[in-house]
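One structure is given here, and the rest of the page talks about it.
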Amino acid sequence: MKKLIIYGGLLLSLTTTVNFNAQAQDKGISKQGKGAIIGGAGGAVAGALIGKNVGGAVIGGAIGAGGGYIIGNEARKREQKKKHAAWLERRRAWKRAHPGKAYPY
């Protein structure tokens with residue numbers, strides 16, 4: 001009976017948290033967040049298989065989440081650099097087409 005109450009409470013708290021967060025965010029998950037989730041899940045599975053216990057899964061999940069966050073952050077930086085380079089090219093093209101005028105930011 002105690003297990004039923006505990007699992008029921010955990011399920012209720014998880015579903016309400018997911019519902020509130022889903023309504024609050026319009027933009028979605030960042031690249032860092034996606035990387036952390038994927039890395040954490042993969043690391044937990046690998047840690048559980050290698051360590052054959054819960055401790056290995058926890059450590060693997062933590063290391064995987066950290067690594068996934070770093071990879072996601074680097075992907076975000078690459079995308080940001082590409083967008084900035086494209087903006088600079090559009091600015092240069094506009095200035096070539098309109099000599100002597102200021103670029104309308």
Side-chain angles (χ1 to χ4, degrees):
M1 185 67 183
K2 286 182 181 180
K3 287 183 180 180
L4 181 65
I5 293 172
I6 291 172
Y7 289 133
L10 286 172
L11 182 65
L12 179 67
S13 66
L14 178 65
T15 56
T16 54
T17 304
V18 169
N19 287 339
F20 287 135
N21 285 339
Q23 292 173 358
Q25 293 181 350
D26 292 335
K27 295 178 102 175
I29 299 176
S30 66
K31 289 196 180 286
Q32 296 98 324
K34 287 178 188 175
I37 291 170
I38 294 168
V45 169
L49 291 175
I50 293 170
K52 297 188 188 328
N53 58 14
V54 176
V58 171
I59 293 171
I63 293 171
Y69 179 86
I70 291 170
I71 292 170
N73 191 39
E74 293 300 318
R76 181 195 57 83
K77 284 181 183 178
R78 268 194 317 271
E79 183 180 320
Q80 195 174 23
K81 282 183 182 180
K82 285 181 183 178
K83 284 183 180 179
H84 185 67
W87 178 82
L88 285 175
E89 185 55 38
R90 283 193 312 270
R91 183 173 180 251
R92 283 187 208 108
W94 190 91
K95 285 191 167 233
R96 281 191 302 267
H98 303 91
K101 293 186 179 179
Y103 181 71
Y105 296 93

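The shown structure was predicted, so the numbers you read here are calculated from the model rather than taken from an experiment.
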Interatomic spacing from CD in Gln32 to NZ in Lys34 - rounded to 0.5 Å: 10.5 Å
Value rounded to 0.5 Å, distance of NZ in Lys81 from CZ in Arg76: 11.0 Å
Flag side-chain contact, heavy atom, 4.5 Å: Ile71 against Ile38: no
CZ-NZ distance between Arg78 and Lys31, expressed to the nearest 0.5 angstrom: 8.5 Å
Ile70 CD1 to Glu74 CD distance, which is reported to the nearest 0.5 Å: 8.0 Å
Any His98 side-chain heavy atom under 4.5 Å of Tyr103 side chain: no
Min side-chain heavy-atom separation Trp87-Lys83 under 4.5 Å: no
Heavy-atom closest pair, residues Arg96 and Glu89: NH2-OE2, 3.5 Å
